[in-house]
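One structure below.
Chain naming here is simple, since letters A, B, ... match the order of the sequence lines and numbering starts at 1 in each.
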Amino acid sequence: MPLRFFNTYSRGVEEFEPRDPSARHICMYTCGPTVYSRAHIGNFRAYIFEDLLQRHLELRGYKVHRVMNITDVDDKTIRGTGEAGIPLRKFTEQFKQAFFEDADTLRIKRANEYPAATDQRYIDRMIEMISTLISKGLAYQAEDKSVYYRINKFPNYGKLAHFDLSQLQSTGRVKHDEYDKEHIGDFALWKAWDEEDGDVKWDSPWGPGRPGWHIECSAMSTALLGDQLDIHCGGVDNIFPHHEAEIAQSEGVTEKKFVRYWLHCAHLLVDGQKMAKSLGNFYTVPDVLAKGYTGRELRYALLRVHYRVPLNFTWDGMNEARESLGRIDEWLARLREVVGSARRADRTPRRGVPTSKFEEALDDDLNISAALGFLFESIRETNRAMDQNEMDAATANAWLDWWKRINTVLDLEAEFEIIVPPEVMQLAKERENARREKKWKRSDELREQISVLGWEVRDTKDGAKITRRGAA
RNA sequence: GGCGGGGUAGCCAAGUGGUAAGGUCGCGGUCUGCAAAACCGCUAUUCGCGGGUUCGAUUCCCGCCCCCGCCUCCA
């Protein structure tokens with residue numbers, strides 16, 4: 001089955017064909033964080049979706065060149081730097097670091113590049129692009145000295161969002177100098193400096209100022225990936241105006257089709273509402289860790305729902321993630337035991353070898369729920385085979401190899417060999433002795449003590465086993 | 001008002017023109033000294049509501065209801 005994705009531009013599922021099909025090389029641009037505060041887990045849902053996309057493409061043999069921008073200048077960062085009384089660079093640096101920390105906690109694969117909007121290279125390129133747009137009549141400098149995109153001159157404006165321009169109405173969310181603009185929908189390419197900006201400013205042919213939000217992505221994506229991208233991703237809230245503006249800017253300059261596939265991730269909800277800084281209903285990665293959950297548990301919780309479906313974040317959902325991962329952990333441990341024991345099966349396995357259904361589900365617009373369904377079905381069937389001693393070492397090994405393969409996409413394995421602390425080992429030893437003497441009451445007391453320390457002891461036919469659920 | 005996304009069991013969530021994957025929770029059983037883990041069984045006569053097409057619809061068509069988002073610097 002060919003790889004297929006839902007393309008926002010066409011509003012349909014399309015077969016995926018990269019620009020250069022023979023090279024198996026894909027260039028992908030993903031909108032990154034604005035570093036004015038710590039990103040919340042709703043932001044990270046989008047980054048995890050992009051991570052899944054990249055990893056699946058790689059599993060399918062593509063070489064992915066991914067760029068994620070860091071927006072380190074905009075209204076909010078300027079406000080923040082002013083309030084903190086420190087230079088912009090210093091202000092944004094802390095959140096940049098926090099972003100990478102959290103991304104690592106969630107096992108998000110690093111992009112190849114993280115260009116920053118304030119990098120002089122890109123400021124220069126933005127100025128160059130704006131100049132080109134002005135010379136083509138696609139942009140103009142208004143009386144307020146800012147430069148705006150003339151959307152009426154770009155016939156495709158509104159195609160991505162499927163908006164009718166005459167229907168655009170101001171939400172009052174953004175400060176407007178509406179009298180200066182020719183059309184309410186014209187967006188800023190270059191924002192003229194004003195007092196509130198303090199010393200945040202760059203020189204330009206139109207006077208001191210700073211870039212508009214949208215132009216940075218056009219400048220950085222085309223600088224690093226070329227005029228035409230295979231895939232461009234972001235949250236659904238980026239469709240309009242941000243990505244619409246990117247198309248207008250990039251195609252306005254290059255006159256080439258900017259992006260082949262637009263993929264957008266639905267929102268993370270809390271209590272049925274969008275998680276947003278402005279609503280105050282958000283959690284950060286450290287918030288979730290502080291509740292005792294691990295990064296991989298959060299990764300699972302954010303990964304397990306299809307990217308185009310809104311996902312309601314709940315602590316029940318986190319517990320479910322923990323239990324599901326525990327099931328995977330137990331399964332892997334059992335398979336490894338079978339491999340280690342070089343056991344021969346009593347009978348031939350009822351179920352032979354792993355299938356490729358997992359990857360095939362992901363081929364279908366990253367249908368992770370179906371893919372995980374196959375994983376858990378396989379877990380049940382192989383557990384049953386092991387229960388009935390119908391699993392030999394070679395088959396168990398084949399399943400471990402299968403897991404290794406799908407885990408390049410999931411990245412959900414517990415990170416460390418769990419080291420049982422000596423005091424727990426001591427208690428377990430005492431308990432073994434008590435059990436040997438059939439002192440059941442003493443044995444149960446010791447099990448309880450071990451449990452209080454956060455460990456679980458299990459009696460199997462091969463002796464006691466000490467485990468812990470909720471591993472990193 | 002315009003444009004999208006969604007409504008499937010207590011909760012989360014796949015899916016198909018032919019009679020509902022999977023996870024989690026709960027209950028019963030096997031195993032166990034008792035547990036745990038694992039396995040087995042049970043848990044939606046039914047897929048927001050009302051029509052229509054069809055031998056047959058949760059799936060296609062029409063109408064309606066509800067929730068969420070976007071509509072100029074939100075992932």
In this structure, how many angstroms lie between the [atom2] atom of [N] and the [atom1] atom of [X], rounded?
X	N	atom1	atom2	result
Asp387(A)	U30(B)	CG	P	15 Å
Lys357(A)	G22(B)	NZ	P	12 Å
Glu297(A)	U24(B)	CD	P	14 Å
Ile466(A)	A37(B)	CD1	P	16 Å
Leu268(A)	A13(B)	CG	C1'	16 Å
Phe358(A)	A14(B)	CZ	P	15 Å
Trp331(A)	G23(B)	CH2	P	13 Å
Ile368(A)	A14(B)	CD1	P	11 Å

Record whether the side chain of [X] comes under 3.5 Å of the base of [N] through a donor-acceptor pair of N or O atoms.
X	N	answer
Asp444(A)	G33(B)	yes
Arg447(A)	C34(B)	yes
Ser443(A)	G33(B)	yes
Lys274(A)	C74(B)	yes
Glu320(A)	G23(B)	yes
Asp459(A)	C34(B)	yes

### Query
More 5' along RNA chain B: Thr460(A) or Lys441(A), using each one's nearest nucleotide?
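The residue mapped nearer the 5' terminus is Lys441(A).
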
### Task
Let me know, please, whether His306(A) or Arg431(A) comes out on the 5' side of the other along RNA chain B by nearest nucleotide.
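The residue mapped nearer the 5' terminus is His306(A).
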
Going by distance alone, is a donor N or O of one side chain under 3.5 Å from an acceptor N or O of the other, for [X] and [Y]?
X	Y	answer
Glu14(A)	Ser10(A)	yes
Asn367(A)	His306(A)	no
Thr222(A)	Arg125(A)	yes

### Task
Look at the aromatic rings of Tyr293(A) and Trp315(A) and report parallel, tilted or perpendicular, splitting at 30° and 60°.
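The rings of Tyr293(A) and Trp315(A) lie parallel, inter-plane angle below 30°.
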
### Query
Between C3(B), C71(B), A13(B), which nucleotide gets closest to the side-chain atoms of Arg11(A)?
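That would be C3(B).
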
### Nearest-nucleotide pick for Leu269(A), side chain only, options being A37(B), C68(B), C12(B)
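Among A37(B), C68(B), C12(B), the one nearest the side chain of Leu269(A) is C68(B).
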
### Task
Using the ring pair (Phe, Tyr, Trp, His ring centres under 6.0 Å) rule, pick out the option among Trp190(A), Phe187(A), Phe240(A), Tyr148(A) that qualifies with His214(A).
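So the option named by the test is Phe187(A).
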
### Message
Using a heavy-atom cut-off of 4.0 Å across all strands, would you classify Phe44(A) as base, sugar-phosphate, or nothing?
### Response
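Answer is nothing: Phe44(A) stays at 4.0 Å or more from every strand.
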
Answer yes or no: does a side-chain N or O of [X] lie under 4.0 Å from OP1 or OP2 of [N]?
X	N	value
Asn367(A)	A14(B)	no
Arg327(A)	G23(B)	yes
Arg380(A)	G22(B)	yes
Lys438(A)	C34(B)	no
Arg334(A)	A38(B)	no

### Message
Checking base pairs now: Watson-Crick or wobble, both atom distances under 3.5 Å. What partners U43(B)?
### Response
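Because no pair has both required distances under 3.5 Å, U43(B) counts as unpaired.
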
### Query
So which nucleotide does C70(B) pair with, by the Watson-Crick or G-U wobble rule with both distances under 3.5 Å?
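Result: G2(B).
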
### Task
Flag as yes if Phe376(A) stacks onto the base of G22(B) (centroids under 5.5 Å, planes under 30°), otherwise no.
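No, aromatic ring not over the base.
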
### Query
Could Lys181(A) and Tyr149(A) be counted as a cation-pi pair, given that NZ or CZ must be under 6.0 Å from the ring centre and within 45° of the axis?
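No, Lys181(A) does not sit over the ring of Tyr149(A).
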
